[in-house]
Protein chains: 2
Amino acid sequence: MVAGPLPVPSGPGKDRLRLWIRLLRASRTIEAELRERLKKEFDTTLPRFDVMAALYRAPEGMLMSDLSRFLLVSNGNVTGIVDRLVSEGLVARARRNGDRRTSMVRLTDEGSKSFATIAAAHEGWIGELLGKVSEDDARRLTGMLTSFRSNWEGRE
Amino acid sequence: MVAGPLPVPSGPGKDRLRLWIRLLRASRTIEAELRERLKKEFDTTLPRFDVMAALYRAPEGMLMSDLSRFLLVSNGNVTGIVDRLVSEGLVARARRNGDRRTSMVRLTDEGSKSFATIAAAHEGWIGELLGKVSEDDARRLTGMLTSFRSNWEGRE
DNA sequence: GCAATATATTTCAAGCTTAAAGTTTTATGT
DNA sequence: ACATAAAACTTTAAGCTTGAAATATATTGC
């Protein structure tokens with residue numbers, strides 16, 4: 001839910017609802033800007049970038065299910081994105097001896113080089129887009145969100 | 001970009017990158033949970049809910065372009081969602097005398113009743129999902145995100 | 001060994017999303 | 001009036017996303 005300018009009525013629990021709305025609006029705003037820049041400057045997309053970022057940090061490769069879990073998206077979704085990256089020569093699937101159901105997905109050399117370039121620009125963009133958040137606030141916010149995450153992950 | 005558990009290397013500007021990653025992971029986690037519950041409990045979707053939430057607060061109706069701007073999504077996107085809501089009888093397009101390019105989009109009575117029910121559940125879910133965030137932290141976080149937003153909106 | 005079960009992945013249908021191109025209507029300049 | 005531009009919206013193509021069904025391989029119980 002992306003309710004906007006108009007205020008959420010006050011009442012018990014409304015502070016959390018308001019927080020959620022702000023959180024979602026902030027991330028959507030930044031996400032939209034990143035998506036646009038990735039398209040314009042590198043002719044790629046955020047999901048492709050996400051997959052490549054995950055693989056960049058796993059030189060040994062990842063299983064499809066690892067990617068899916070890590071990126072918080074469904075299995076079938078990853079299949080399509082990886083398919084397209086493979087057809088573009090940025091990613092490769094390597095058959096495994098042990099288990100013929102699975103394959104290790106890795107960046108190709110080209111993919112790795114490509115990602116390094118894009119990631120550098122990406123980091124600059126984030127610095128720019130979040131430039132008004134002081135380093136101090138950034139650390140404090142990060143801390144709150146981290147504790148939220150660990151609380152969450154202890155769920156169910 | 002939804003980088004996860006592994007830490008972002010330290011360096012200048014890395015605090016903001018880390019913040020962005022946490023922000024995105026938090027919102028995606030909550031969003032996924034909301035989407036699933038909306039589907040399971042009310043057989044609807046987050047985009048439909050977003051549109052209805054916007055219309056609920058505008059009894060006089062909204063133009064398509066208002067919806068698009070407000071929800072931070074593209075024009076064409078809104079067209080499709082509203083089309084489906086109309087075909088479900090939850091929303092109506094009212095021709096306007098003044099300008100034949102536009103129409104006012106409103107909730108029908110059924111749509112309004114339906115939204116009220118779902119919104120109540122939604123607010124409860126948010127309270128639950130963000131339950132571990134203290135009201136105090138919630139207000140502080142909201143404040144930071146709000147100032148981020150106003151900074152952002154002064155851009156370009 | 002072999003049936004039953006579990007795991008890993010892909011396929012599928014439906015819907016969401018965007019950017020770009022197209023349509024219709026309104027506003028503007030002369 | 002009338003051509004031109006602007007505005008509001010829809011359509012389209014491509015890609016993303018999910019949940020569910022299908023496929024293929026591995027593991028487990030007997």
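So that the names make sense, note that chain A is the first sequence line, chain B the second, and so on, each numbered from 1. Note that the structure is predicted; figures quoted are calculated from it, not measured.
- Ring-centre distance between Phe115(A) and Phe49(A): below the 6.0 Å cut-off.
- Glu33(B) has no carboxylate O lying under 4.0 Å from a charged side-chain N of Arg28(B), or vice versa, which leaves the two without a salt bridge.
- We find that CZ of Arg84(A) is positioned 14 Å from C1' of dT11(C), with the value rounded to whole Å.
- Evaluation of atom-type donor-acceptor distances gives no pair under 3.5 Å for the side chain of Arg100(B) against the base of dT25(C).
- Side-chain atoms of Thr79(A) lie closest to dT11(C) of the nucleotides dT17(D), dA26(D), dT11(C).
- Comparing Asn75(B) and Thr45(A) by the nucleotide of DNA chain D whose heavy atom lies nearest to each, the residue mapping closer to the 5' end is Asn75(B).
- Heavy-atom distances to DNA chain C give each of Arg93(A) and Lys39(A) a nearest nucleotide, and the one nearer the 5′ end belongs to Arg93(A).
- If you check distances only, the side chain of Arg101(B) does reach the base of dA7(D) with a donor-acceptor pair under 3.5 Å.
- Taking only side-chain atoms of Leu63(B), from C-beta outward, the nucleotide of dC9(D), dA8(C), dC16(D) with the closest atom is dC9(D).
- Relative to the side chain of Ser74(A), the nucleotides dG15(D), dT17(C), dT18(D) differ in distance, and dT18(D) lies closest.
- Between Asn77(A) and dT18(D) there is a side-chain N or O to OP1 or OP2 distance below 4.0 Å.
- In the set dA26(D), dT9(C), dT25(C), dT25(C) carries the atom at the smallest distance from any side-chain atom of Asp99(B).
- Comparing dC16(C), dA6(C), dT17(D) by their closest approach to the side chain of Ile81(A) singles out dT17(D).
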